[in-house]
Structure formats: structure tokens, C-alpha cells
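Some notes on the structure that comes next.
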Protein chains: 2
Amino acid sequence: MNGTAFPRLDPSILADNGDALKFCSTCAFSQACLAQGMDKAALMDLHMLVEHVGPLHAGEHVFREGDAFEAIAAVRAGTVKTYTIDRDGHEHVLGFHLPGEVIGLNAIDGDRYPCNAVALDTAMLCRFSFPKISVLAARLPGLQQHLFRLMSRDIGTATLLAGDWTADQRMAAFVLGLSRRLAARGFSPDRFQLTMARTDIANYLRLAPETVSRVLKRFQDEGLLKIDRREVELSGRERLQELAAPILRS
Amino acid sequence: MNGTAFPRLDPSILADNGDALKFCSTCAFSQACLAQGMDKAALMDLHMLVEHVGPLHAGEHVFREGDAFEAIAAVRAGTVKTYTIDRDGHEHVLGFHLPGEVIGLNAIDGDRYPCNAVALDTAMLCRFSFPKISVLAARLPGLQQHLFRLMSRDIGTATLLAGDWTADQRMAAFVLGLSRRLAARGFSPDRFQLTMARTDIANYLRLAPETVSRVLKRFQDEGLLKIDRREVELSGRERLQELAAPILRS
DNA sequence: CGCAGTGTTGACCAGCATCAATCCGTGTGG
DNA sequence: CCACACGGATTGATGCTGGTCAACACTGCG
């Protein structure tokens with residue numbers, strides 16, 4: 001619970017610079033920058049300012065609401081949940097962040113993080129000082145473009161979730177969304193583990209945990225998926241897609 | 001209804017360049033950039049790439065979903081509504097944009113606008129070619145920072161609206177939010193016109209129009225505000241703030 | 001005047017939340 | 001090894017918020 005806010009670089013990685021680079025080059029953030037037209041030299045610059053964070057264990061925080069904002073971070077492994085607690089004590093889950101995804105972008109406007117970020121399982125991250133990456137982005141058009149796109153995408157997904165969809169639509173979109181994002185990282189799209197509790201899913205989809213339970217049960221009864229504890233297997237992808245279509249816009 | 005997509009520069013403004021500059025310098029976008037540390041020369045560069053759009057009349061579109069994305073735009077006068085139509089034909093209002101606010105940021109990720117933008121009353125805009133402003137942003141740290149902040153802020157407001165709030169909370173947050181944004185532009189915070197129809201408010205807050213009507217009525221009965229047709233007067237700001245507090249985080 | 005668009009009001013209903021009880025997998029201690 | 005407790009998940013009963021449907025009022029306009 002009382003994880004240190006943004007732990008510093010693991011010394012064992014610092015020790016061997018060559019290793020650190022090789023390590024980081026697997027980071028999807030770098031990959032995306034490359035695809036965005038950055039050359040090798042530029043990528044090297046990016047690697048110069050990255051700090052490897054972790055491994056964090058389930059329940060340890062990456063940052064907390066109110067912490068001074070200094071850096072964004074890319075998830076390299078594991079799952080990170082971002083959330084806030086409103087004044088009635090209710091948790092609002094802003095998102096679940098898989099490997100390759102970036103957290104902290106909503107903190108840029110303001111000098112403090114507006115939410116908490118916690119590891120749901122063992123997680124590794126790359127930390128990018130925001131002032132530094134801004135300066136670098138001015139030199140590297142590909143990086144600037146990549147950041148713009150990431151933020152733009154976040155606006156889009158946030159507004160999609162904001163729509164007034166039924167519990168079934170939300171649930172279908174959630175499962176399908178996970179499936180697609182996992183597939184994009186090379187994991188199986190049809191069979192995966194939920195790294196978050198039912199309560200977390202409920203707080204993310206703005207449903208009661210009981211509703212999450214019931215909808216999943218019904219989906220199983222109707223053959224859309226098989227679920228055992230946290231293990232999910234998609235068996236009725238078409239029907240799920242029909243349900244989720246208006247949300248995922250596909 | 002059938003407004004041209006992103007009408008070109010009004011020739012009467014082009015005619016007198018000095019006038020155009022004076023005109024644009026009132027633009028809140030420029031103001032904000034100045035505040036962000038840009039100098040006069042930089043501002044001049046920014047003015048070089050701006051195109052003035054409008055006046056657009058109520059119902060004319062700035063852009064439509066699926067149009068090629070080329071530019072973001074700052075509202076200079078009037079109100080612009082952004083919205084999408086889902087496959088069931090239901091309208092989802094993404095936002096109402098007042099003078100000084102920027103639209104199109106959610107289009108950067110992707111080569112097409114993901115939503116429509118329509119003028120609710122007579123509106124004027126400044127259009128910024130996105131490729132051009134990107135290049136400029138790389139030269140002007142203040143501009144880059146400003147863009148980052150704008151997008152970050154949009155992520156935040158989108159996620160706030162996504163929460164599961166009651167009709168009363170949403171309505172209070174909506175009215176108070178308008179009041180504050182208008183106040184920031186120098187308009188009266190206690191007395192203003194709603195430029196949008198009840199249906200638009202409903203589609204924005206994910207409520208039925210009937211609910212909007214009823215909640216406003218009740219707010220009036222309880223002395224929180226006076227409303228006559230589209231004219232609003234806030235009379236119980238404290239109580240509204242209480243209601244909206246968890247949403248507006250203030 | 002009559003019509004159309006927008007807004008309001010009322011009656012009814014459905015979806016989901018809430019509350020409460022129970023189940024189940026896991027860890028713990030005797 | 002078993003008994004027990006605990007947290008998360010499930011299931012059932014009930015109620016409330018807000019949606020839906022329908023009728024009507026108001027305003028502006030041809």
C-alpha cells in the first residue's frame with residue numbers, strides 16, 4: 001500500500017548501460033517513436049533521458065494524487081490502474097494501462113497529478129521527465145507528433161466512455177477493448193487474465209460490482225465468453241462486437 | 001444545415017493585414033500563448049499562419065465527421081457544439097466551446113475528424129493548420145507547452161464528465177461550469193444566455209430532455225437559479241457549488 | 001390564423017443500484 | 001490435517017432514479 005512515489009532507477013540496470021538500452025528498446029514507446037519517423041540517433045537521445053522504474057508489486061503506487069508532476073511514464077510490463085477518490089469516498093477508475101501505454105498525460109495541465117496510479121500486478125515502467133521530453137520533442141518532430149497523438153487518443157477514449165451506454169454495451173466494449181489492446185502487444189486476443197478485481201471493473205464502467213457479476217454471468221450463459229475466476233475466453237466475438245460497436249466505433 | 005466544411009478566409013479581412021492582426025490579437029489563444037512565455041516576434045509568427053473563419057451562422061458546420069483533418073481552430077466569438085451521431089441515430093454532444101476555446105484536438109490522432117462541429121449562434125473562429133502549427137511549436141516552447149496543456153485539460157474534463165453522477169450534480173456542474181468559463185472571458189457569471197437547446201444539454205449530460213427540464217424547474221423552485229426560456233440567472237451559487245463539487249473538483 | 005419547433009408536464013416503467021445473505025478460494029493457526 | 005476466518009464474488013429481493021411515451025403549452029413565423 002505505502003509504495004514510494006515514483007521510485008528511482010533500479011541500480012542494477014544503471015550498471016550496464018548497453019543492457020539498459022537493449023532493455024528499453026523493447027519499450028513500445030520507443031517503437032512507436034521509430035514508426036513516427038524518428039531515426040536511430042534520435043532514439044538514442046530519448047534513451048538518455050529515460051529512467052527505468054520497478055519492478056513494482058501489486059498495490060504499490062507509481063504516483064499519487066497531489067504529487068508534484070514531473071514525469072510521464074510508459075508501462076513496460078504489468079497493468080497500472082489510474083483512479084481518483086471523490087469526496088464521498090467513492091473510487092473512480094480512469095483507466096487500466098497495459099504495456100506500451102502511457103500514463104500521466106492528464107497531469108500536464110497543472111503542476112500536480114490529478115489521480116493515483118497503482119500497479120495491479122508486478123509492473124515495470126519507463127519514466128520520462130516531462131520538461132526534458134518537451135525539450136527533446138522540440139528537436140524531434142516525430143516525438144512531438146507522437147505525444148500529440150497519444151494525448152489526442154486519450155481525449156477520444158475518454159469521451160467514448162462518457163456516453164450513456166447500457167451495462168451490456170459497456171461490458172462488451174471493455175472485454176473487447178482489452179482483447180484488442182492485448183493482441184496489439186502480441187498476446188492472445190481470445191484468452192487472457194483479468195488483472196483487475198470486479199470492483200475495479202465496476203468503478204471503471206460506472207456500474208455496481210453486482211451488475212458486473214451478473215452481466216458476465218449472462219454473457220457466459222449466452223455463449224459470448226467463458227469466465228472462470230479471472231480467466232477469460234472469448235467465444236462469441238461477433239456478438240460482442242455488435243454490442244460494443246457504438247462505443248468502439250468499429 | 002449544409003454549411004461548407006471549414007470555409008476559407010473571409011476576403012474582407014485579408015484585405016487589410018494590419019486590421020487582421022489587430023483583430024486576431026484579441027484572440028484568447030494568442031493571449032494564452034503570450035502568458036505561456038512567448039514573445040512578440042513569436043506571436044507574429046503565429047499570426048502568420050492563422051486563418052480567420054466566419055462569421056458562421058447558427059447551424060453552419062465548421063467541420064464534419066469524416067472530413068480530412070488539417071487544422072485545429074480557436075473559437076473567437078459565439079458557441080460551437082461538437083457532437084457525433086451513433087449508429088442508432090442518437091446524438092452525443094462532446095462539448096460546447098466558448099470564445100477562447102480550441103476545437104479539433106481530438107482529431108490529431110487519425111487523419112479525419114471524429115466528430116462534427118456546428119455553430120450554435122453567429123460564430124467566428126481562427127483556423128490553425130495543424131502541420132504548420134506543429135512546426136512552429138517545435139520552434140516556440142511556449143506554443144508547444146500551450147498545446148500540451150490544452151490537450152491535457154481536455155483529457156481531464158472528458159474523464160470528469162464520464163463519472164456516474166446524478167442528474168442534479170451534472171446539471172449543477174454544467175451551469176456552474178458555463179458561468180465560470182464565461183466569467184473568465186469577461187462576461188457576467190450570474191446572468192447569461194444558454195446558446196444551446198434543452199435537447200443539446202440533455203445529449204451533453206447524457207440525460208433525457210425531459211429530465212433537463214424537470215431538474216431546471218426544481219432548481220428554480222429551490223431558488224438555485226432563475227430561468228426564463230434561455231436566460232439564466234444564478235441565485236444560489238453556494239448550493240450549486242456543493243452539488244457540483246465532486247465533478248468540478250473544487 | 002394555423003403550423004412547426006421547442007419546451008414542459010404527467011403517468012408509467014425499466015434498468016440498474018442497493019441491501020443482505022451466501023458461496024467459494026485462500027491463507028492461517030492450532 | 002482440519003477448522004476457521006477473511007475478502008472477493010455471486011445471487012436474490014426490493015426500490016429508486018431517470019428514461020419513455022404521450023399530451024399539451026408556448027413562441028415565433030409564414
Side-chain angles (χ1 to χ4, degrees), chain A residues 1 58-59 81 86 88-93 118 120-121 161-175 193-222 225-232 243 246-247, chain B residues 1 58-59 81 86 88-93 118 120-121 161-175 193-222 225-232 243 246-247:
Chain A
M1 251 305 159
K81 172 181 86 169
D86 70 21
D88 303 333
H90 295 132
E91 177 173 314
H92 295 246
V93 174
V118 65
L120 292 183
D121 47 12
L161 194 83
D164 60 341
W165 317 107
T166 66
D168 285 18
Q169 290 176 312
R170 301 181 105 89
M171 201 64 228
F174 173 68
V175 176
Q193 290 276 130
L194 297 178
T195 48
M196 65 294 290
R198 299 287 192 272
T199 314
D200 290 331
I201 302 179
N203 289 338
Y204 178 61
L205 300 178
R206 289 59 165 113
L207 298 172
E210 293 93 330
T211 306
V212 170
S213 221
R214 282 185 250 265
V215 172
L216 284 177
K217 175 112 194 301
R218 192 154 34 73
F219 278 6
Q220 173 152 293
D221 292 347
E222 293 168 355
L225 50 77
K226 294 190 190 71
I227 185 160
D228 173 43
R229 204 143 170 67
R230 294 200 174 175
E231 175 99 18
V232 185
L243 277 170
I247 305 185
Chain B
M1 253 300 160
K81 171 181 84 169
D86 71 21
D88 303 331
H90 296 132
E91 178 173 314
H92 295 246
V93 174
V118 64
L120 292 182
D121 47 11
L161 193 83
D164 62 340
W165 316 106
T166 66
D168 284 18
Q169 289 176 312
R170 302 181 103 88
M171 200 65 226
F174 173 69
V175 176
Q193 290 276 131
L194 297 176
T195 48
M196 66 294 291
R198 298 288 192 271
T199 314
D200 290 331
I201 302 177
N203 290 338
Y204 177 62
L205 299 178
R206 288 58 165 118
L207 298 172
E210 292 93 330
T211 305
V212 170
S213 220
R214 281 187 252 266
V215 173
L216 284 176
K217 176 112 194 300
R218 191 155 34 75
F219 278 4
Q220 172 152 294
D221 292 348
E222 294 168 354
L225 48 77
K226 294 191 190 71
I227 186 161
D228 173 42
R229 209 151 162 62
R230 295 200 174 176
E231 176 100 16
V232 184
L243 277 170
I247 306 186

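In what follows, chains carry the letters A, B, and so on, assigned in the order in which the sequence lines appear, proteins first and then strands, with residues in each chain numbered from 1.
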Quick test: give all pairs of protein nitrogen or oxygen and nucleotides 21-23 of chain C nitrogen or oxygen below 3.5 Å, distance rounded to 0.1 Å.
none

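Listed pair A/K217 / D/dT11 meets the phosphate criterion, a side-chain N or O lying under 4.0 Å from OP1 or OP2. Within the structure, a side-chain polar atom (N or O) of A/R230 is placed less than 4.0 Å from OP1 or OP2 of D/dA9.
A/Q220 places its CD atom 12 Å from the C1' atom of D/dT10, with the value rounded to the nearest Å. In this structure, B/I227 places its CD1 atom 12 Å from C1' of C/dT8, rounding to the nearest Å. Between the CZ atom of A/F219 and the P atom of D/dT10 there is a distance of 14 Å, given to the nearest Å. The separation between B/L194 atom CG and C/dG7 atom P is 10 Å, rounded to whole Å. In this structure, B/M196 atom CE and C/dT6 atom P are separated by 15 Å, rounded to whole Å. To the nearest angstrom, C1' of C/dG15 lies 17 Å from CE of A/M171. To the nearest angstrom, C1' of C/dT8 lies 13 Å from CG of B/D228. When the C1' atom of C/dT6 is taken as reference, atom CG of B/L120 falls 15 Å away, rounded to whole Å.
Summarising the geometry, atom OG1 belonging to B/T211 is positioned 10.5 Å from atom CG belonging to B/L205; distances are rounded to the nearest 0.5 Å. With rounding to the nearest 0.5 Å, the separation of CH2 in A/W165 from CZ in B/R206 is 8.0 Å.
Scanning all heavy atoms of the two residues, the minimum distance from B/A172 to B/L243 falls at CB-CB, 3.6 Å.
Across its full length, the helix from C/dC1-D/dG30 to C/dG30-D/dC1 shows an angle of 20° between the axes of its 5 terminal pairs at either end, rounded to 10 degrees.
Between the side chain of B/D88 and the main chain of B/H90, no donor-acceptor pair closer than 3.5 Å is present. Using modelled atom types, one side-chain atom of B/R170 and one backbone atom of B/L161 make a donor-acceptor pair closer than 3.5 Å. Distance alone, capped at 3.5 Å, places no donor-acceptor pair between the B/R198 side chain and the B/S213 backbone.
Every residue two or more places apart in sequence or in another chain that forms a salt bridge (charged side-chain N to carboxylate O under 4.0 Å, His left out) with B/D168 is listed here: B/R218. Listed by chain and residue number, B/F96, B/F174 satisfy the ring pair (Phe, Tyr, Trp, His ring centres under 6.0 Å) test with B/Y204 (two or more places apart in sequence, or in another chain). Every residue two or more places apart in sequence or in another chain that forms a side-chain hydrogen bond (donor to acceptor under 3.5 Å, both in side chains) with A/E231 is listed here: A/R191. Partners of B/K217 by salt bridge (charged side-chain N to carboxylate O under 4.0 Å, His left out), not counting sequence neighbours, listed by chain and number: B/D221. With sequence neighbours left out, B/T195 forms a side-chain hydrogen bond (donor to acceptor under 3.5 Å, both in side chains) with B/T79. Residues satisfying the side-chain hydrogen bond (donor to acceptor under 3.5 Å, both in side chains) test with A/D164, not counting sequence neighbours, are none. Checked against salt bridge (charged side-chain N to carboxylate O under 4.0 Å, His left out), A/E91 has the following partners two or more places apart in sequence or in another chain: A/K81. The side-chain hydrogen bond (donor to acceptor under 3.5 Å, both in side chains) search around B/D121 returns none, not counting sequence neighbours.
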Check your understanding: Taking protein heavy atoms under 4.0 Å as touching, what does nucleotides 25-30 of chain D look like 5' to 3' if B marks base contact, S marks sugar-phosphate-only contact and - marks none?
Key -> ------
Point to revise | Nucleic acid footprint by protein, nucleotides 13-20 of chain D - heavy-atom cut-off 4.0 Å, B for base, S for sugar-phosphate alone | key: B----SSB
